[in-house]
There are 2 protein chains.
Amino acid sequence: MSNKCEKCIVKKFTGLQTLSSEQLKCISDGKVTRSFKKGDVIFDEGDHLKGIYCVRYGIAKLSKLSTNGKDQIIKFVSNGEVLGQRSVIAQEPANLRAVAVNDMDSCFIPKNIILENLQNNASFTLELLQNLAHELKEADDVIVNISQKPVKNRIAETLIHLEDSFGVDHDGFMIIQLSREDISNIVGTATESCIRMLSELKKEKLIETSGKRIKIINRNTLQKLGEGIQH
Amino acid sequence: MSNKCEKCIVKKFTGLQTLSSEQLKCISDGKVTRSFKKGDVIFDEGDHLKGIYCVRYGIAKLSKLSTNGKDQIIKFVSNGEVLGQRSVIAQEPANLRAVAVNDMDSCFIPKNIILENLQNNASFTLELLQNLAHELKEADDVIVNISQKPVKNRIAETLIHLEDSFGVDHDGFMIIQLSREDISNIVGTATESCIRMLSELKKEKLIETSGKRIKIINRNTLQKLGEGIQH
DNA sequence: ATTTATATATGACAAATATCAGTTATCTAT
DNA sequence: ATAGATAACTGATATTTGTCATATATAAAT
């Protein structure tokens with residue numbers, strides 16, 4: 001795996017593609033490759049980030065602690081996506097906590113390089129802008145779903161979304177493996193409720209499980225359920 | 001009220017401050033002042049926006065229809081704020097519906113002026129970027145609150161937020177007047193539940209009401225309730 | 001391989017919220 | 001000012017979801 005930014009495939013998925021060769025060289029020289037073990041905290045709510053993390057391999061979850069002590073998962077970030085951009089752009093402390101869902105490799109790009117490009121590189125900034133615009137739309141969707149759909153539908157939707165985002169292995173089980181607690185923290189429900197709903201989905205032959213591993217076996221019905229078309 | 005952009009006070013609250021005098025002149029010449037009556041739909045989900053709306057006077061609500069037929073209110077936009085920026089930036093159809101909460105005046109700035117500035121005017125783009133970054137943070141907060149706090153707390157928080165955003169009149173009643181249905185669509189609950197909670201807050205002497213008008217009379221306790229400190 | 005810890009699962013029950021029905025108040029239009 | 005329409009309110013009840021207790025399964029550690 002090359003550690004030259006010019007050759008990194010990740011850049012093609014991010015605003016980094018708009019950086020010039022010299023700039024990429026510069027990042028490449030200054031950058032640090034940071035690896036995290038499953039469960040490691042990449043940054044926490046309130047941290048002052050010194051740069052952004054470009055995920056090369058693995059998955060991170062972004063979450064926020066509620067006053068009731070529950071940790072709401074806001075989104076996942078994986079290969080070719082970027083962590084911490086919002087905070088660096090707004091020059092504010094992180095509003096979310098980032099934790100590695102599995103072992104993870106990332107490139108750390110120092111804040112000053114980002115800020116400099118924000119000043120001088122219009123296409124870079126535009127790219128970030130469209131990134132944020134997309135994230136904002138997704139956040140709006142989450143708000144609607146979480147407030148209007150019953151737990152079971154939200155779980156159905158979450159499973160579809162997780163499969164689409166991270167794919168399945170050779171047996172058809174989803175690549176991403178989350179604890180029941182994580183899933184309940186995505187949909188915003190009690191862990192027991194989440195487990196119950198998964199059991200129902202199993203009984204209804206929409207999914208199969210094997211430990212943490214989950215396989216969708218009736219995608220159509222599950223998807224309709226997630227869209228709230230039927231009970 | 002001047003209709004020259006160079007002199008418009010609104011520009012100081014928006015990215016428009018970063019436009020040059022010639023650019024402002026250009027917008028001023030090309031722009032259209034658009035007025036809306038209470039309840040008018042400014043744009044709808046799926047509309048292809050031809051520009052953004054800069055609110056000079058009045059308040060608009062942004063909402064999204066759920067599959068269950070309920071309209072989730074995502075946020076409000078008022079004086080000096082901008083409507084439709086996300087869609088124009090992302091060059092996508094609107095993901096939200098915008099409706100005038102009361103009579104409203106706005107300046108319409110055509111898309112091409114925005115897009116051109118996105119290409120050539122780094123400070124303008126940066127300003128928008130920070131705008132979106134802020135909106136994104138707020139959306140994250142909404143997700144956590146709506147999924148983790150009970151209805152009563154969310155209503156308390158909403159009332160505090162509405163008072164802070166739009167202020168009170170000489171009698172201490174909130175300027176913004178929403179229907180009970182609107183309030184329930186902010187917190188994501190049934191209208192009857194919302195009414196019941198407002199009644200409780202009245203009994204507990206945290207608020208007073210007079211028709212649609214609401215006055216906060218024990219801000220401290222209401223705020224603590226909204227923050228989830230106590231039941 | 002066996003113990004220990006942690007995660008998953010299920011039942012019984014409590015609490016929160018939604019729904020439905022019906023009443024009263026407020027707004028709107030003539 | 002009055003009639004009709006719409007919104008606000010309240011009670012009774014159903015449904016959904018959360019909590020607590022406990023059992024079983026899985027993972028981690030010696």
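The chains referred to below are lettered A, B, ... by the order of the sequence lines, with proteins before strands, and numbering in each begins at 1.
Checked by atom type, the side-chain pair A/Lys202/A/Thr209 shows a donor-acceptor distance below 3.5 Å.
In this structure, A/Ser147 and A/Ser199 both approach DNA chain C, and ranking their closest nucleotides by distance from the 5' end singles out A/Ser199. Nearer the 5' end of DNA chain D, as judged by each residue's closest nucleotide, is the contact made by A/Val151, out of A/Gly211 and A/Val151.
Other residues, nucleotides and ligands place more than 12 heavy atoms under 6.0 Å from the CZ atom of B/Phe166. A 6.0 Å sphere centred on NZ of B/Lys215 holds more than 12 heavy atoms belonging to other residues, nucleotides or ligands. The 12-atom threshold is exceeded at NZ of A/Lys75, counting heavy atoms of other residues, nucleotides or ligands nearer than 6.0 Å.
Between the NZ atom of B/Lys203 and the P atom of D/dC9 there is a distance of 11 Å, given to the nearest Å. For the pair B/Ile214 CD1 and D/dA7 P, the computed distance is 16 Å after rounding to whole Å. Between the CD atom of A/Glu192 and the P atom of D/dT17 there is a distance of 14 Å, given to the nearest Å. Here C/dT17 presents its C1' atom at 14 Å from CG of B/Asn68, a figure rounded to the nearest Å. Atom CE in A/Met197 sits about 14 Å away from atom P in C/dA9, given to the nearest Å. When rounded to the nearest whole Å, the span between CD of B/Glu200 and P of C/dA15 equals 15 Å. Residue A/Ile155 contributes atom CD1, which lies 13 Å from atom C1' of D/dT16 at whole-angstrom precision. For the pair B/Gln148 CD and C/dT17 P, the computed distance is 13 Å after rounding to whole Å.
Closest to the side chain of A/Ile195, out of C/dT17, C/dT19, C/dA9, is C/dA9. Nearest nucleotide to the side chain of A/Arg196, out of C/dT19, C/dA9, C/dT10: C/dT10.
Within 4.0 Å (heavy atoms only), B/Lys149 reaches no atom of the nucleic acid at all. Within the 4.0 angstrom heavy-atom criterion, no nucleotide atom of any strand lies near A/Lys70.
Here A/Lys212 reaches the OP1 or OP2 of C/dT8: one of its side-chain N or O atoms lies under 4.0 Å away. Residue A/Lys202 places at least one side-chain N or O closer than 4.0 Å to OP1 or OP2 of C/dA9.
B/Met104 places a side-chain heavy atom less than 4.5 Å from the side chain of B/Val55. Looking only at side-chain heavy atoms (C-beta outward), B/Asn218 and B/Lys205 stay at 4.5 Å or farther from each other.
Within residues 177-189 of chain A, the residues that place at least one heavy atom under 4.0 Å from DNA chain D are, in residue-number order, A/Thr189.
A/Glu157 has no carboxylate O lying under 4.0 Å from a charged side-chain N of A/Lys224, or vice versa, which leaves the two without a salt bridge. Ion pair B/Asp105/B/Arg34 not flagged as a salt bridge, since none of the NZ, NE, NH1 or NH2 atoms sits closer than 4.0 Å to an Asp/Glu carboxylate oxygen. B/Arg86 and B/Glu135 are not joined by a salt bridge, as no carboxylate oxygen comes within less than 4.0 angstrom of a charged side-chain nitrogen.
Rounded to 10°, the angle separating the first-five-pair axis and the last-five-pair axis of the helix from C/dA1-D/dT30 to C/dT30-D/dA1 equals 60°.
Each of A/Asp47, A/Asp71, A/Asp44 was evaluated against A/Arg97; a single residue qualifies, A/Asp44, per the salt bridge (Lys or Arg N to Asp or Glu O under 4.0 Å) test.
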